Each structure stands twice: as C-alpha cells, then as structure tokens.
Amino acid sequence: MSVVPIDAGPASGPAIVTTAAGRAGMRGAAANRAVPTRTGPASTTAGARARRPGLATTAPFLRACQGDRPETTPVWFMRQAGRVLPEYRSLRERVAMLDSCRDPALITEITMQPIRRFRPDAAIFFSDIVVPLVAIGLDVDIVPGVGPVVAEPVRDGAGLAALRTLEPDDVPYVAEAVRSLLGELGGTPLIGFAGAPFTLASYLVEGGPSRNHLRTKALMYGEPKLWHDLLERLAVITTAFLRVQVDAGVDAIQLFDSWAGALSEADYRRYVAPHSAQVLSAFAGEVPRIHFGVTTGELLGAMGEAGADVVGVDWRVPLDEAARRVGLHRAVQGNLDPAAVFAPEDVLESKVREVLVRGTAAPGHVFNLGHGVLPESDPGVLARIVDLVHAG
C-alpha cells in the first residue's frame, strides 16, 4: 500500500494518508486503469505529439513556468475568457453556462476572444470546474449570481458511490475544442485546468458556495475515512479530466483550489495536500503545473510541496515574500490586486511595476491578477496592463 507522508505541522506531527493509487492497487487492475499516471518524458504521450514543436523553448509563458527569465515577463488573466467583454456577454445572453462549456465551437470562440483583445502570453481553456461532475451524471447547475448548486449534496457513503470515474467519452467536446484551439492560437500556449479535490468536495458537501465551510469541516474532522475516500475519488475524476486536456495538446495545466484558504496549514497538509499531490504527480515531466488558491498565504509552502512547478499567489502577500515561502526553486504567478484595475493610471502603473520587481525574487514569474478579473473591469485597462508588463 503506497502512502504519502505529509507533515501536518509541529503541533500534530506527520500524517500518513493512504493515496488512491495505493488503494486502487488493492482493488485490482481495473481500478488502476482508471487513473493513468504518466511520469516519463513528455514525448511518449499523445498530448506531447499534439503539442506544437519547440513552443516550450520559445513561448515566454512556458519558459517562465520552467524557471527561466524570458526577455519580457509573460502575462495572462484568470477569468480572462469572459465577464468583462461585451462580445462574451452578447454570446452568453442566449446560452447557459454549462451549455457553452459543452460546445466545441463556443469553447473555441470564448477562449479566443481575450486573445484577440489583450494579446496575453497564454490562453486559458474556457470551461468550469464542475464540468467533470456534471459529465459523470451529478445534478449540478451554475446559478447566476450564486455559483454551482448541487441538487443532492454528498455527505455519506451513498453519495460517494454516485461519483463514478470520468471516461474520455464523457467529455468529447473537451478534446475537440482543444484541437480546434491549437489551430487558432499559433504560438500562444493553451492552459488547461480543473478544480482541486478539496474545492470540488466543498461544493459537493455544502451543496453550493459557503462562507465558513461548516459541513465540509464537520465531515473532514468527524468522518476522516469518508473524507479521504471522497477526496481520493475526486482526485481520480480530476486527473481523468486533466488527462483528456493534456492528451489533446494543452501546454500547461492549472489546479484551482479556490477554497483551500479556509484551512489551517496543519489541516491542509493532513486532509488535502496528499490528494492534490496525487493529481499533480500524474503530469510530472509532461506539462508545467500551476497550483492556485485564494487567501492561501500561510499555505504557499505546502502548496508548492504538493507538486507544483508554479504557485499562484493572491494579492495579500508581497510576491518576493511569497517566493521565499514557496521555495526559490519554483516559479510564481501573480499577484496584482484585481481592484487595482480601477485605480488612477499612475497608481496602476506603479502597482504593476512593484509586482514585476518583487517577482524577480523567484526563478520564474508569470504576471497575473491575484484572483479573477472583476466583472466591472474595463477591457481597455486590462490591455494597458499587458502593455505595461511587456514594457517591463
């Protein structure tokens, strides 16, 4: 049985958590096939064959992710694919969010819209973190102004049993859209993404967004075996969803753990990190792996240790201090306050330059906001930020 030792902090000592890979081995070969883990050279994978030759050594974004210092700092925006663009809003007026995430033509168009507008150094695949959950048959809806809402929350063994493995045929539109985008993007890298097991678990257990994650933590503390079984299952699903994207040809992946900042470092290491590590380790040596969460200043070191090549940083920790916490052998991403987009031009320019200067403390730096673009943001200001970053 394989285990991942995760230091739970000085107060609690190390926690040894059985990983899904280890338990799958005891369940038989069929379970092992559900989580294809490839740690060899990228050239041996279908995804590597689909990727554009030479991009890893020429694209500033990919170079920075690998700890290099390209001539200009690369920049992209989380949630850059929508919300602020009038062409996106016009398109979405007649299409529900989840429907747009299952239409290869719409995925391609929405992903490309900010590339045409802002000329960032990477595109982020248009999707949503609940797409794989819907694809395996869960009743999840994205309610405007609320977020994901789960019709039947997962709080017991019966709920866990409903979480079957994701197969590539469950999400054929993902691979089709990736292939379409590779033909559109030219030399611009494409980032695939998924929600991390903890964040997905939080939505499933709570039934929707939560401010305090009470039900999530009650399950985590009160039924640790069920908790780890749940996160193991979600790690399998997340890995399978990312595998479809990587094999189709995305150039990097980002694991979003939006709600991990609700945890202490000790709890993160004990209850969450092994499962995120399982996902990230499946793509070691294939594509750069970015790990991002909000209000995770105290977790940055642990998030890096979970297996990221790049750790995303929100705006609450100066980037040079974040680089120290992450470890000076990893790149960082971030971390302009999204509200700075509304500042006077001279203030915005000063803040952009401060992030750039502090980012030099890390071996590689990908400029980004510290969270997603706010809906009220001016697209012209975002384009200005790109110009400022590229000008240094």
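Computed from a prediction, not measured in an experiment: that's the story for all the values here. These values consider heavy atoms only, across backbone and side chains, with no hydrogens, waters or symmetry-generated copies.
- In this structure, L356 and L388 approach most closely via the heavy-atom pair CD1-O, 4.3 Å.
- With salt bridges taken as basic N to acidic carboxylate O contacts below 4.0 Å, none links R211 and E206.
- Side-chain atoms of T73 and H365 form no donor-acceptor pair, as typed in the model, at a separation below 3.5 Å.
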Given I253 and E286, is the side-chain contact (heavy atoms from CB on, under 4.5 Å) satisfied, shown in steps?
CA-CA 10 Å; I253 56 172; E286 289 192 64; over 6 Å; no

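- Using a 4.0 Å cut-off between charged side-chain N and carboxylate O, E184 and R116 make no salt bridge.
- Here the closest heavy-atom approach between residue Y271 and residue W227 is recorded as O-NE1, 3.0 Å.
- The side-chain heavy atoms of F367 and P74, taken from C-beta on, include no pair separated by under 4.5 Å.
- Contact of the H390 side chain with the V75 side chain is registered, since non-hydrogen atoms from C-beta on lie closer than 4.5 Å.
- Between L62 and D68 there is no side-chain heavy-atom pair separated by less than 4.5 Å.
- Side-chain contact between F118 and L85 is present, with heavy atoms from C-beta onward closer than 4.5 Å.
- Salt bridge D229/K225: present, at least one basic N to carboxylate O contact under 4.0 Å.
- Here the shortest heavy-atom pairing between R269 and G301 reads NH2-C, 4.4 Å.
- Closest non-hydrogen pair, P338 versus W315, comes out as CD-CE3, 3.6 Å.
- Nearest heavy-atom pair across V310 and V332 is CG1-C, 3.7 Å.
- Nearest heavy atoms, P288 versus C65: CB-CB, 3.6 Å.
- Between the side chain of T199 and the backbone N or O of A196, no donor-acceptor pair lies under 3.5 Å.
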Would M303 and V326 count as a side-chain contact (heavy atoms from CB on, under 4.5 Å) here? Give the steps.
CA-CA 8 Å; M303 291 179 71; V326 165; over 6 Å; no

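- Counting heavy atoms from C-beta outward, L98 and V130 have side chains that approach closer than 4.5 Å.
- Using bins of under 30°, 30° to 60° and over 60° for the plane-to-plane angle, the ring pair W259/H213 lands in the tilted bin.
- Side-chain contact between L230 and L219 is present, with at least one heavy-atom pair separated by less than 4.5 Å.
- A salt bridge is defined here as a Lys NZ or Arg NE, NH1 or NH2 lying under 4.0 Å from an Asp or Glu carboxylate O, and R384 with D378 fails to meet this definition.
- With respect to the salt-bridge test (charged N to carboxylate O, under 4.0 angstrom), the residues R63 and E71 qualify.
- K351 places a side-chain heavy atom less than 4.5 Å from the side chain of L336.
- The CZ atom of F193 lies 12.5 Å from the CZ atom of F292; values are rounded to the nearest 0.5 Å.
- Judged purely by atom type and a 3.5 angstrom limit, R289 has no side-chain atom pairing as donor or acceptor with the backbone of A252.
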Apply side-chain contact (heavy atoms from CB on, under 4.5 Å) to residues V287 and Q245 and explain how you reach the verdict.
CA-CA 11 Å; V287 292; Q245 298 173 62; over 6 Å; no

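- With contacts defined as side-chain heavy-atom distances shorter than 4.5 Å, the pair V131/Y173 qualifies.
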Does the pair F198 and L263 meet the rule for a side-chain contact (heavy atoms from CB on, under 4.5 Å), with working shown?
CA-CA 10 Å; F198 175 78; L263 302 173; 3.8 Å; yes

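- Using a 4.0 Å cut-off between charged nitrogen and carboxylate oxygen, E321 and R325 count as a salt-bridge pair.
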